[in-house]
Amino acid sequence: MATSTPPLNPLSSPKSKSNNPNESNPSPLSLLRKCSSLKEIKQIQAITIKSNLQHDISVITKLINFCTLNPSTTMDHAQHLFDQIPQPDIVLFNTMARGYALTNTPIRAMTLFSRILNLGLLPDDYTFPSLLKACANSKALKEGKQVHNLVIKLGLHLNIYVQPTLINMYTECRDISAARKVFDKISSPCVVTYNAMITGYSRCSQPNEALALFRELQGSNLNPTDVTMLSVLSSCALLGALDLGKWIHEYIKKNGFDEYLKVNTALIDMYAKCGSLEDAVCVFENMRFKDTQAWSAMIVAYAIHGHGYKAVAMFEDMRRVRVRPDEITFLGVLYACSHTGMVVEGCEYFQSMSVRYGIVPGIKHFGCMVDLLARAGRLDEAYKFIEELPLMPTPILWRTLLSACSSHGNVEMGKQVMERIFELDDSHGGDYVILSNMCARAGRWEDVNYIRKLMKDKGVVKVPGCSSVEVNNVVHEFFSGDGTHSESRELHKVLDQLVKELKLIGYVPDTSLVFHADMREEEKEATLRYHSEKLAIAFGLINTPPGTTIRVVKNLRVCGDCHSAAKFISTISNRQIILRDIQRFHHFKDGKCSCGDYW
DNA sequence: ATAGGGTTAG
């Protein structure tokens, strides 16, 4: 009878099924070959019904497990199968929980968990990794802690599969100290647990801690893995420390990790973010096989270095060799367009994203579009664009528009936008600073005073500007007006002299950017002169041999006056200055910047 | 039958 069914490829062989239908252990599971599409799963399901196995819990578990191989399209079906089982066992629950964790539907996972407890079933070491992953995905710290408590109660905190997910849950919920507490209690962590902790540090922007733990791992008798290298490279990228990154690259080559596709992608990212586009290109070109992620990393690399046209050309190459772009590729392309003023092209790519590739634009794509329009001065269109969004706008979208209002000097719209931001979040110091600077430049001092008072009343603080420069493998940090660095006195003198020389070749300090309205002109100039970027550049100038490129990393957007000064410094000192700010790179050379002043 | 850490964007 089985032979009369139409040919079905997922079946291993119809013959074996009719061999011994009533033997004690015919293992119907052996008939099920791995499959993941809904169509294949339904075909197999039809066979289980024919063989009257649709109530066999192990068969259904297997089917549901197939659904978790491709969960985004098959989990609804899994749910359907699951609902028909009157008394699921713990294995079936675990399988479902895994699917929910992978589809990012943590609430369903937690509901499942309550059901397990209510039924009096005992969750085991297979249950918790999925549950914790679900909590991590949804950043549900409260639920995560509950699960953690139960893990301890059941004595499963020693399980090597549970430990990394516990750490991962805490770091994804941004509770890094809780994660570290878990880590410290483990007597001999395995390499996966180390990786979870190192990754946690880098995801929480604590690259130095990540690197310290990597060194500890090197000192142990465990061997780092490719995953370790991904997090370590990500940490180098955060620091912008090129020399360190190069050292890690050597280590990667020596240990054969350069065979891994993802490690190479992370290398491209690291080199790009450490300011060496050439090295990023070199890694990319040496890759034998390039996937979507590798292409995306390279597109982003060109984009953040101001080579918008090159980034777009890369995208066209990618299409030519038939690598499918994903939502992140498009973020890179749109970013490139907005930072190069390619408004028409940007709009076209935005359209083609959904029309040709079926990618639903997310909030970040909309953010790129706001930036694209607003940067180009089409402020009204950008405003309308945000208002007509199918999603709830985040303060980030309005903030993007606010920056553009500032660079285009549109105070009226700036105020309007600020109101919209305040409806959502009034605790962001940077917003006040932008608006205040705008008003100051327009000479509206009463507005400036009002904004300052508002900040004071609400207790809003602005993030201090901080710039760092790497000299002889040591990263030196400077804060605005900083007098703490050991060489600061000398540095101030150097800057005083430097600014005098810069003025001779045409530099004019832009004192309208100084926040305090009631300062005298000389005081304002002095404040400007000791901005963190300038301190870092000056430190680089006096501590490196002539002609060396100076690489500076800043935590905020570069200030307009420092941008202007850096151009003049590149001329006067005959140096290349590469400055990474929170958004992108500025390459200063011969009095010009790679951003073309479009920022 | 079921299980851990992951790059690219922001």
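Proteins come first, then strands; the chains are lettered A, B, ... in the order of their sequence lines, and each starts at number 1.
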Exercise. Do any side-chain nitrogens or oxygens of A:N65 fall under 4.0 Å of OP1 or OP2 in B:dA1?
Worked result: no
Exercise. What parts of residues 276-306 of chain A reach DNA chain B, counting only heavy atoms under 4.0 Å away?
Worked result: A:Q293, A:V300
Exercise. Are A:R399 and A:D425 close enough for a salt bridge, meaning some N to O gap below 4.0 Å?
Worked result: yes
Problem set entry | A:C190, nearest nucleotide to its side chain (from B:dA9, B:dG4, B:dG10) | B:dG4
Problem set entry | Interatomic distance where CG belongs to A:D124 and C1' belongs to B:dT2 [whole Å] | 8 Å
For this session: For A:T329, answer base if it contacts any base atom (sugar-phosphate contacts may also be present), sugar-phosphate if it contacts only those atoms, and nothing otherwise; contact means non-hydrogen atoms under 4.0 Å.
Result: nothing
Exercise. Just by distance, with hydrogens left out, do A:Y201 and A:R180 show a side-chain donor and acceptor under 3.5 Å apart?
Worked result: yes
Exercise. What residues, two or more places apart in sequence or in another chain, satisfy side-chain contact (heavy atoms from CB on, under 4.5 Å) together with A:A241?
Worked result: A:L239, A:L244, A:E470
For this session: State plainly whether the residues A:D317 and A:R320 are in salt-bridge range, i.e. N to O under 4.0 Å.
Result: yes
Exercise. Out of B:dT2, B:dT8, B:dG6, which nucleotide sits closest to the side chain of A:T265?
Worked result: B:dT8
For this session: Assign A:T95 to base, sugar-phosphate, or nothing according to its heavy-atom contacts below 4.0 angstrom with the strands shown.
Result: sugar-phosphate
For this session: Whole angstrom is fine here: how far is it from CD1 in A:I396 over to P in B:dA9?
Result: 15 Å
Problem set entry | Sugar-phosphate only, base, or nothing, as touched by A:T61 at under 4.0 Å among non-hydrogen atoms | base
Exercise. Just how far is it from atom CG of A:L261 to atom CG of A:D226, taken to the nearest 0.5 Å?
Worked result: 11.0 Å
Exercise. Looking for any heavy atom pair under 4.0 Å, which part of the strands does A:Y194 touch: base, sugar-phosphate only, or nothing?
Worked result: nothing
Problem set entry | Candidate nucleotides B:dG4, B:dG6, B:dA3, ranked by approach to the side chain of A:T199 - the nearest | B:dG6
Problem set entry | Note: A:E172-A:K133 ion pair, threshold 4.0 Å (strictly below) | no
Problem set entry | Minimum-distance nucleotide (side-chain atoms of A:N195 versus B:dG5, B:dT8, B:dA1) | B:dG5
Exercise. Which pairs with one or both residues in residues 85-101 of chain A pass salt bridge (charged side-chain N to carboxylate O under 4.0 Å, His left out), sequence neighbours excluded?
Worked result: none
Exercise. Among B:dG5, B:dG10, B:dT8, which is the nearest nucleotide to the side chain of A:K364?
Worked result: B:dG10
Exercise. Quick one: the side chain of A:T225 and the base of B:dG5, do they pair up donor-acceptor inside 3.5 Å?
Worked result: yes
